[in-house]
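Report on the structure given below.
Keep in mind it's a predicted model, so treat the numbers as computed, not measured. Throughout, protein chains are lettered first and strands after them, A, B, ... in sequence-line order, and every chain is numbered starting at 1. Both backbone and side-chain heavy atoms feed into the values below; hydrogens, waters and symmetry mates do not.
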Amino acid sequence: MRIATWNLNSVTARLPRLLQWLEESEPDVLCVQETKVAGDKFPVAEVAALGYEVAHHGQGRWNGVGIISRVGIADVVTDFAQSPGFPESDIKEARAIAATCGPLRIWSLYVPNGRTPDDPHYRYKLEWLKALSGTLAADVHGERPFAIVGDFNIAPTDDDVWDPAQFVDATHVTAPERGALQQFLDLGLHDVFPRPLKGDHPYTYWDYRAGSFHKGWGMRIDLVYANTTLQKAVTDAYVDRDARKGKGPSDHAPVVVDASL
DNA sequence: ATGCCTTTCCCAGAAAGA
C-alpha cells in the first residue's frame, strides 16, 4: 500500500500536476492540504477518472484538506473534538479531515502557520496541536494501522532546516512547537523519516522566492506520524522532490510511504 | 540544469504563506 501526503497550494492551480502525479506515482491514499477551494469545488470528476474517490473539507480562499483514495473512503470526520478556531474560538477553519481507507485510518492535517511567535496565530497553532493530540490515544494504541500526516509547519530538529541561523526567533523551529511534536511521539506515534532522493536532508518545502529549491534552501515540515502497527509495516519512505521541479509546482513536495498492509 | 514567488480574492493590490 502506498500512502502519501502533499501540500498542493491550491488544487485548482495544481490540477494538471496532481493528475500527472497520481498517474505516475499510483498512491493508494493521497492526503492533500491547502486545497484553497470550497468543499464542493474540489475537482472530483477529474480525480475519479483515474479511479480515485475524494473526501474534502474546504472553505474557499484559504486552508482546505482532503483525502484521495483508490482503496475506499469510509467514516469521514471533519475537524476533531475541541479544535480551536481563529481569530475567535467559534470560527473554525478547514484544517483536518480523517477517513478509513481500506485497512488504514488516517488524518490529513494542515497545521496553522503561527506567523511569528508573538502573533495570536502562534498561540492558536499550539492550542490546535494540543487539542489534536488529546484526541488520538485510542487510535494510536489500537491494532489498526493509523497515521496523522500533513503539513505540520514545524521542523522537528535543526537538521530539518537548511540553515538554523536563518530561523532564530522564527516560527516553525521554536521549543514549544517542537514540544508539540514530541507530544505525538510520547503518545506512541513514530516519525516515519523519509529518504531524500538527492542530498542529505529530506526537505519537503522550499520557498518560491530567491531560487530556494535550486540552492537547497529547504525545510522538512511535511510529516508522517504512524502508530506502531503501521510503522512495523513500512518498507520505504521518500520525498518526491521531482514534483517540486518544472512548470507550476507547489512549493511543497509529496512524502511517500510504502507499507505492507 | 531543477531556475530566481505564488495564489486567492477579482481586475488592484492586499493578504497570506513559512
Side-chain angles (χ1 to χ4, degrees), chain A residues 5-18 20-21 24 32-43 56 58-66 86-87 91 93-95 109-126 128-129 150-158 160-174 176-178 180-181 196-223 238-255:
Chain A
T5 180
W6 192 10
N7 179 320
L8 293 174
N9 185 18
S10 169
V11 71
T12 308
R14 216 66 56 215
L15 186 58
R17 299 285 302 239
L18 170 63
Q20 181 187 13
W21 194 81
E24 290 176 356
V32 295
Q33 301 86 35
E34 281 208 85
T35 59
K36 295 187 172 178
V37 292
D40 59 352
K41 292 288 193 287
F42 196 98
H56 179 242
Q59 64 181 83
R61 188 172 191 179
W62 308 115
N63 310 314
V65 285
F86 188 85
I91 301 178
E93 298 186 301
R95 294 181 177 275
L109 304 171
Y110 177 47
V111 176
N113 173 289
R115 298 177 186 165
T116 59
D118 59 354
D119 194 290
H121 206 257
Y122 177 84
R123 194 160 59 249
Y124 167 53
K125 180 180 194 175
L126 295 179
W128 195 93
L129 286 162
D151 178 359
F152 282 76
N153 272 317
I154 302 169
T157 74
D158 280 353
D160 297 311
V161 296
W162 59 276
D163 182 4
Q166 300 289 326
F167 291 88
V168 175
D169 296 328
T171 185
H172 292 63
V173 301
T174 66
E177 291 167 282
R178 288 175 171 168
L181 294 186
L197 295 188
K198 180 184 175 184
D200 298 326
H201 300 273
Y203 298 141
T204 66
Y205 162 85
W206 299 261
D207 197 299
Y208 282 125
R209 291 166 286 192
S212 298
F213 179 65
H214 324 286
K215 295 172 183 168
W217 295 354
M219 308 172 76
R220 184 173 78 100
I221 56 175
D222 299 271
L223 307 173
Y238 63 93
V239 179
D240 187 1
R241 70 191 302 283
D242 289 346
R244 182 62 176 80
K245 299 177 183 176
K247 181 174 164 43
S250 170
D251 42 3
H252 295 251
V255 179

**Message:** Once you apply a heavy-atom cut-off of 4.0 Å, does A:S212 come out as touching a base, just sugar-phosphate, or nothing?
**Reply:**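 Result for A:S212 = nothing.
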**Message:** Is it the case that atom CG in A:D200 sees more than 12 heavy atoms from other parts of the structure closer than 6.0 Å?
**Reply:**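 No, because the 6.0 Å sphere around CG of A:D200 holds 12 heavy atoms or fewer from other groups.
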**Spacing between A:Q33 atom CD and B:dT8 atom P, to the nearest angstrom** =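 Whole-Å distance recorded here is 17 Å.
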**Request:** Measure from CZ on A:F213 to P on B:dT6 and round the result to the nearest Å.
**Result:**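 Value for this atom pair: 14 Å.
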**Prompt:** Can you name the residues that form a side chain to side chain donor-acceptor pair (under 3.5 Å) with A:W162, not counting sequence neighbours?
**Reply:**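 In terms of side chain to side chain donor-acceptor pair (under 3.5 Å), with neighbours along the sequence ignored, A:W162 is linked to no residue.
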**Prompt:** Quick one: side chain to side chain donor-acceptor pair (under 3.5 Å) partners of A:R220, sequence neighbours excluded?
**Reply:**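 Scan of A:R220 (side chain to side chain donor-acceptor pair (under 3.5 Å), adjacent residues dropped) gives A:D160, A:D191.
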**Asked** Hey, which of these two, A:K247 or A:T12, hits DNA chain B nearer its 5' end, going by closest nucleotide?
**Response**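 Taking each residue's closest nucleotide, the earlier one in sequence belongs to A:K247.
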**Item:** Residue closer to the 5' end of DNA chain B, A:R14 versus A:H214 (nearest nucleotide)
**Value:**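 Its nearest nucleotide being more 5', the pick is A:H214.
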Could you give the distance separating [M] and [N] at their [atom1] atoms, to the nearest angstrom?
| N | M | atom1 | value |
| --- | --- | --- | --- |
| B:dC4 | B:dT8 | C1' | 23 Å |
| B:dC10 | B:dT6 | C1' | 16 Å |
| B:dA18 | B:dT7 | C1' | 15 Å |

**Request:** Answer syn or anti for B:dC11, where the cut-off is 90° from 0 on the glycosidic torsion.
**Result:**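 Syn, since the glycosidic angle lies within 90° of 0.
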**Message:** Treating primed atoms plus P, OP1 and OP2 as sugar-phosphate and everything else as base, which nucleotides of nucleotides 9-18 of chain B get B, S or - for protein heavy atoms under 4.0 Å?
**Reply:** B----BBSBB
**Message:** Looking only at the side chains, is there a donor atom on one of A:K36 and A:N9 sitting less than 3.5 Å from an acceptor on the other?
**Reply:**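 Short answer, yes.
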**Asked** Ion pair present between A:R95 and A:D151, side-chain N to carboxylate O less than 4.0 angstrom?
**Response**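 Looking at A:D151 together with A:R95, the answer is no, because their closest N to O distance does not fall below 4.0 Å.
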**Request:** May I ask you to decide if the ring planes of A:F42 and A:H56 are parallel, tilted or perpendicular, using 30° and 60° as cut-offs?
**Result:**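 A:F42 vs A:H56 ring planes: tilted.
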